Protein chains: 4
Amino acid sequence: MHCVDRLDYTLTMRSVDRTGAARPRTFTETARRAQIVGAAVDVIAEVGYAQASLARIADQLDISKGVILYHFVGKEDLVREVVAHVWSKGEAFVRQRMQAAPSGVGKLRAYIEACFAYMVGYPNDVIAIVDIARSARDADGTRLFDSALPIQAVTDVQKLLIDLRNSDQGTTDFDPAVMALAIRAAIDAVADRLRREPDLDVDLYGRELATLFERAIRGPTKGSHSCQ
Amino acid sequence: MHCVDRLDYTLTMRSVDRTGAARPRTFTETARRAQIVGAAVDVIAEVGYAQASLARIADQLDISKGVILYHFVGKEDLVREVVAHVWSKGEAFVRQRMQAAPSGVGKLRAYIEACFAYMVGYPNDVIAIVDIARSARDADGTRLFDSALPIQAVTDVQKLLIDLRNSDQGTTDFDPAVMALAIRAAIDAVADRLRREPDLDVDLYGRELATLFERAIRGPTKGSHSCQ
Amino acid sequence: MHCVDRLDYTLTMRSVDRTGAARPRTFTETARRAQIVGAAVDVIAEVGYAQASLARIADQLDISKGVILYHFVGKEDLVREVVAHVWSKGEAFVRQRMQAAPSGVGKLRAYIEACFAYMVGYPNDVIAIVDIARSARDADGTRLFDSALPIQAVTDVQKLLIDLRNSDQGTTDFDPAVMALAIRAAIDAVADRLRREPDLDVDLYGRELATLFERAIRGPTKGSHSCQ
Amino acid sequence: MHCVDRLDYTLTMRSVDRTGAARPRTFTETARRAQIVGAAVDVIAEVGYAQASLARIADQLDISKGVILYHFVGKEDLVREVVAHVWSKGEAFVRQRMQAAPSGVGKLRAYIEACFAYMVGYPNDVIAIVDIARSARDADGTRLFDSALPIQAVTDVQKLLIDLRNSDQGTTDFDPAVMALAIRAAIDAVADRLRREPDLDVDLYGRELATLFERAIRGPTKGSHSCQ
DNA sequence: TATGAATGAGGGTTCATTCAT
DNA sequence: TATGAATGAACCCTCATTCAT
């Protein structure tokens with residue numbers, strides 16, 4: 001959950017004028033937009049992107065469909081805002097948690113556990129964004145966030161892994177691309193399972209996964225389970 | 001890709017008469033159903049479950065929509081058949097590949113590589129079933145395969161891991177449920193990426209992932225990268 | 001009303017298959033399409049192109065909107081068919097009437113009177129096509145038949161005028177482009193007035209207009225109102 | 001372009017109070033109304049009446065839709081004002097040009113050329129009013145200016161023709177109603193063509209049309225092309 | 001005066017499904 | 001067996017209009 005700056009995150013920023021000029025948002029407008037984005041997150045998390053119609057989202061708030069289209073250019077615009085908002089929130093959350101993290105392999109554990117903490121705190125956010133990344137397509141079937149979202153997330157992890165290997169000579173010769181993919185996939189899979197089983201012990205999964213990937217990275221001789 | 005027997009796999013079984021009586025399928029009927037299932041797989045793999053309308057599937061075969069609904073009760077019925085068929089095919093493929101596999105940790109590598117071999121041989125099968133498992137819902141948003149599919153796959157891997165640990169004392173104390181989830185998630189994620197990048201070196205991913213999880217399982221002292 | 005061959009006239013021809021291949025039309029299909037085109041003509045003539053929604057056209061026939069979209073790709077497709085159909089009918093009508101016409105200036109009179117005869121026989125056809133040519137635009141405001149229709153009609157008249165001048169040396173030095181425009185404009189204007197006043201003596205207008213333009217073409221010495 | 005007095009021309013007149021009482025307009029109010037009317041003309045000329053939404057007109061001025069509805073009762077009210085304003089402007093323009101015109105047939109030429117001069121000077125005015133006269137309808141499809149506009153214009157020409165015939169005995173026995181319709185139709189058709197081809201040599205059309213109708217009116221013996 | 005906010009009707013279109021043939 | 005025909009619900013979106021501020 002990183003790198004919000006590479007996605008347009010506009011929820012609290014500026015509207016686009018009739019003339020195309022940026023215009024600061026009203027208090028009411030900002031509030032409404034946030035409210036709609038929140039409802040969209042919940043509805044998408046509950047029924048899935050494909051079934052999350054504007055009508056359903058509007059119903060959830062007990063407003064008319066028109067309100068949504070007054071505040072957003074169209075459904076795609078709303079979804080992009082959902083993604084930007086959730087991504088940005090998550091990114092900030094994770095970054096802040098990682099500041100205190102040690103360097104080296106511990107950094108990865110910090111990342112994974114931060115992701116899971118976010119998932120516990122805002123499960124719908126995570127469920128929704130994962131679903132959007134997988135399902136959101138326009139009429140032709142072209143994915144809306146095909147590369148933007150999943151690749152972004154994986155790339156962020158990949159960078160973390162490369163840093164990690166540079167700062168710690170004792171790692172195995174793992175392929176950072178493959179490892180990053182596996183890590184993100186594992187995290188997202190827990191989001192899926194969490195949706196089905198809301199009582200899931202997410203923290204346990206976090207700890208176990210961190211250990212799993214630590215072992216895969218540190219290799220046989222340097223682990224806490226060292227030789228001798 | 002296991003355990004088809006726990007899903008309804010009806011492609012070669014029985015039809016239901018308009019009197020409600022079950023009757024064996026004719027050869028033609030079986031062929032038509034298989035043809036339709038195949039087309040559905042291709043269309044879903046190409047445009048995604050949500051965009052895979054009956055019309056699109058019918059177009060692919062140059063038949064009318066009605067034919068599909070003559071052979072299947074409805075769209076849901078067709079999708080269930082797709083899942084059953086693909087699952088069964090994949091399960092047989094993987095099982096056969098694993099017969100020759102050594103016991104112990106090698107078994108896991110054999111499983112992963114078999115999955116990837118299947119993915120290379122029948123990419124659309126895998127892409128489609130992964131998409132269905134994630135996206136397929138009815139009108140209310142209720143998932144069609146919420147537990148059936150993903151849990152099934154993970155459970156199969158989990159059993160394999162438990163067997164593995166029983167037959168090989170030198171493993172780490174990993175949690176089989178978590179490890180199984182991570183393994184399946186990694187495999188499915190490659191299917192996703194394969195859809196985006198058809199030239200992906202799937203075998204490389206297979207080998208790397210196998211090594212990754214081997215390391216996580218075998219722990220520090222027993223790996224091929226042993227201590228000395 | 002000429003030159004149907006330069007517009008796609010498909011009412012009695014072929015459908016386009018799912019595969020893009022042409023396919024002969026069912027009897028029923030042809031009949032339905034004709035019925036829908038007829039209703040569209042009437043509705044457009046009555047309430048104008050902009051107000052002629054699919055719902056209104058469907059209501060007129062007491063069928064559902066879906067039927068129209070089953071037989072036509074979309075509203076634009078239907079409108080194109082309306083234009084092609086009306087144009088072709090009118091063109092055949094006018095051409096047949098003109099076969100018996102004398103050469104020289106009489107040809108123009110024959111043309112004008114044929115147009116008016118068609119207008120009397122099928123007023124809605126003419127009212128509708130004139131309205132479509134003027135009003136039909138897509139979402140951006142781009143005209144659907146901007147050049148196709150009006151220019152076509154004017155060009156046809158222009159050709160007739162050039163032939164006429166070649167075969168009859170005694171004409172004035174009128175500009176065929178301007179004259180053609182004036183002739184078509186006058187004819188279309190009568191269609192407009194006919195809509196408002198259904199009891200209009202169209203034949204009178206026809207004769208008078210023919211005389212008017214004859215005078216403008218033949219000049220002072222050659223007219224039936226000759227010197228002496 | 002005549003006879004504004006027979007249309008409600010209210011741009012500089014009176015507003016209606018919320019108590020229902022009429023009150024004179026403030027300077028600002030008049031200016032705003034004129035501004036909005038001008039924008040409406042431009043938008044209608046550009047995209048056509050049917051696509052000229054209040055939003056589009058407001059955008060053009062960088063104001064909110066509400067402003068328009070503050071100054072005008074509704075869209076229909078605005079359109080009526082547009083018509084009244086353009087009509088009045090055009091009528092004054094043409095009348096002034098015609099003052100210097102000779103009597104007799106020259107009067108008609110002066111009229112036609114005045115119309116074309118106006119068209120060159122204010123093309124959007126003419127394009128817009130022609131489009132409105134043809135397309136503007138309310139929700140039921142009832143025309144807004146069904147008789148008012150086109151009949152008005154034709155009647156004005158008709159009067160001119162009758163005067164002309166009274167003052168000049170040597171004309172043919174043309175029907176003034178038909179001739180007037182043909183003249184107006186020709187002028188309006190050039191407006192249409194001008195929209196499509198902004199570089200059109202409008203003056204040429206004006207001269208040619210004037211000659212065309214002169215010939216039709218003066219007949220064989222009295223024309224400049226006289227019989228020796 | 002002017003705006004932002006909201007509404008509700010209606011627009012075209014897609015789609016799974018039903019049914020007679 | 002298979003098709004063409006038709007339906008009706010749902011979809012996203014546009015628009016003129018209302019209203020409180």
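Any value given below was found using the heavy atoms of this structure, including those in side chains, with hydrogens, waters and symmetry copies removed. A quick note: this is a predicted structure, and the numbers were derived from the prediction, not measured. Convention: sequence-line order gives letters A, B, ...; per-chain numbering from 1.
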Rounded to whole Å, how long is the line connecting atom [atom1] of [X] with atom [atom2] of [N]?
X: Ile57(A); N: dA10(F); atom1: CD1; atom2: P; answer: 16 Å
X: Ile68(C); N: dT14(E); atom1: CD1; atom2: C1'; answer: 15 Å
X: Arg137(C); N: dT14(F); atom1: CZ; atom2: C1'; answer: 17 Å
X: Ile63(A); N: dG8(E); atom1: CD1; atom2: P; answer: 12 Å
X: Lys75(B); N: dT18(E); atom1: NZ; atom2: P; answer: 15 Å
X: Leu61(B); N: dT3(F); atom1: CG; atom2: C1'; answer: 15 Å
X: Asp138(C); N: dG11(E); atom1: CG; atom2: C1'; answer: 15 Å
X: Phe72(A); N: dA5(E); atom1: CZ; atom2: P; answer: 12 Å

> Relative to the 5' end of DNA chain F, which residue comes earlier, Glu76(D) or Val67(B), by the nucleotide with the nearest heavy atom?
Replying inline: Val67(B)
> Toward the 5' end of DNA chain F, which comes first, Phe27(C) or Thr28(B), by nearest nucleotide?
Replying inline: Thr28(B)
>> Could you tell me if Lys75(A) sits above the aromatic ring of Tyr49(A), with its cationic atom closer than 6.0 Å to the ring centre and no more than 45 degrees from the axis?
In response: yes
> Looking at Phe145(A), does the NZ or CZ of Arg134(A) lie under 6.0 angstrom from its six-membered ring centre and within 45 degrees of the ring axis?
Replying inline: no
Please check the phosphate of [N] (OP1 and OP2 only) for any side-chain N or O of [X] closer than 4.0 Å.
X: His71(A); N: dG4(E); answer: no
X: Arg32(D); N: dA2(E); answer: yes
X: Tyr70(C); N: dA5(F); answer: yes
X: Ser53(D); N: dT14(F); answer: no
X: Thr26(C); N: dT3(F); answer: no
X: Ser64(C); N: dG8(F); answer: no

Of the nucleotides [options], which one has an atom closest to the side chain of [X]?
X: Lys65(B); options: dC12(F), dT17(E), dG4(F); answer: dT17(E)
X: Leu69(B); options: dC13(F), dT17(F), dT17(E); answer: dT17(E)
X: Leu54(C); options: dC12(F), dA16(F), dT13(E); answer: dT13(E)

> Which sits closer to the 5' end of DNA chain E, Asp62(A) or Ala50(B), going by the nucleotide each is nearest to?
Replying inline: Asp62(A)
>> Going by purine N1 to pyrimidine N3 plus the second Watson-Crick contact, or the G-U wobble pair, all under 3.5 Å, which nucleotide sits opposite dG10(E)?
In response: dC13(F)
> What is the pairing partner of dT21(F), taking Watson-Crick or G-U wobble pairs with both distances under 3.5 Å in any strand?
Replying inline: dA2(E)
> Sub-3.5 Å donor-acceptor pair from the side chain of Arg137(C) to the main-chain atoms of Val47(D), do we have one?
Replying inline: yes
>> Between Thr26(D) and Glu29(D) (side chain of the first, backbone of the second, donor and acceptor by atom type, cut-off under 3.5 Å), is there such a pair?
In response: yes
>> Heavy atoms only, 4.0 Å cut-off, all strands: where does Gly66(A) land among base, sugar-phosphate and nothing?
In response: base
> So do the side chains of Val67(B) and Phe72(B) get within less than 4.5 Å of each other, counting heavy atoms only?
Replying inline: no
> Any side-chain heavy-atom pair from Val73(A) and Leu78(A) closer than 4.5 angstrom?
Replying inline: no
